[in-house]
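Predicted model, so just to flag it, every value in this text is computed and none were measured.
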Amino acid sequence: MRHCDIMRAATAAARTVDKANFKNIASICALSASEAPSLHLVAVTATGVRLYFTTVGAGNSPDTRPYQLQLLHVRLPPGFSA
């Protein structure tokens with residue numbers, strides 16, 4: 001997933017938020033299965049927006065190696081209104 005694809009997906013998920021808030025990704029962290037079974041990665045932007053991703057494999061088998069990221073959720077920082 002390219003950066004422009006991430007920005008496009010985040011903008012579509014949070015339509016009332018200025019797209020500049022999704023521009024600079026400050027950190028990327030892997031999530032453990034005990035934290036969130038269906039979420040695998042969180043990216044935090046410079047403005048504090050959190051982007052939650054899952055991985056997608058070929059078919060629906062959990063044994064399949066993932067080959068793609070999919071944005072599942074956008075969480076705004078505290079005090080930020082949409």
Side-chain angles (χ1 to χ4, degrees):
M1 182 175 244
R2 298 174 304 163
H3 185 259
C4 63
D5 297 329
I6 293 170
M7 282 186 57
R8 189 176 302 115
T11 302
R15 294 181 193 275
T16 59
V17 178
D18 183 8
K19 66 180 179 181
N21 288 297
F22 308 119
K23 203 171 244 185
N24 297 321
I25 294 177
S27 66
I28 298 174
C29 301
L31 299 172
S32 68
S34 63
E35 288 179 290
S38 63
L39 298 172
H40 302 112
L41 188 76
V42 62
V44 182
T45 69
T47 59
V49 176
R50 289 163 286 171
L51 308 169
Y52 293 89
F53 295 89
T54 190
T55 54
V56 179
N60 293 329
S61 172
D63 298 329
T64 305
R65 183 178 176 162
Y67 69 92
Q68 182 179 0
L69 288 175
Q70 181 179 10
L71 180 67
L72 287 185
H73 183 67
V74 175
R75 174 142 311 169
L76 302 176
F80 204 94
S81 60

Residue from Val74, Thr47, Leu76, Thr11 passing side chain to side chain contact (heavy atoms under 4.5 Å, CB included) with Asn21 =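 In the set Val74, Thr47, Leu76, Thr11, the residue that makes a side chain to side chain contact (heavy atoms under 4.5 Å, CB included) with Asn21 is Thr47.
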Closest non-hydrogen atom pair, [X] against [Y]:
X: Leu71; Y: Tyr52; value: CD1-O, 3.4 Å
X: Lys19; Y: Met7; value: O-CE, 3.8 Å
X: His3; Y: Ile25; value: CD2-CD1, 4.0 Å
X: Val17; Y: Phe22; value: CG1-CZ, 3.9 Å

ask   = Sequence neighbours excluded, which residues qualify as salt bridge (charged side-chain N to carboxylate O under 4.0 Å, His left out) partners of Arg8?
value =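 Once residues adjacent in sequence are excluded, the partners of Arg8 under the salt bridge (charged side-chain N to carboxylate O under 4.0 Å, His left out) criterion are Asp5.
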ask   = Under a 4.5 Å side-chain heavy-atom rule over Ile, Leu, Val, Met, Phe, Trp and Tyr, are Leu41 and Leu51 clustered together?
value =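 The answer is yes; both residues are in one hydrophobic cluster.
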ask   = Do Leu39 and Phe53 share a hydrophobic cluster (ILVMFWY, side-chain heavy atoms under 4.5 Å, transitive)?
value =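 No, Leu39 does not connect to Phe53 through the hydrophobic network.
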ask   = Taking atom OG of Ser32 and atom NE2 of His40, what is their separation to the nearest 0.5 Å?
value =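 Ser32 atom OG to His40 atom NE2 measures 10.5 Å (nearest 0.5 Å).
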query = Would Val49 and Val44 count as a side chain to side chain contact (heavy atoms under 4.5 Å, CB included) if you check the C-alpha gap in whole Å, the side-chain angles of each, and the deciding distance to 0.1 Å?
reply = CA-CA 6 Å; Val49 176; Val44 182; over 6 Å; no
query = Under the 3.5 angstrom rule, does the side chain of Thr54 hit a backbone N or O of Gln70 as a donor-acceptor pair?
reply =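 No, because the side chain of Thr54 does not come within donor-acceptor range (under 3.5 Å) of the backbone of Gln70.
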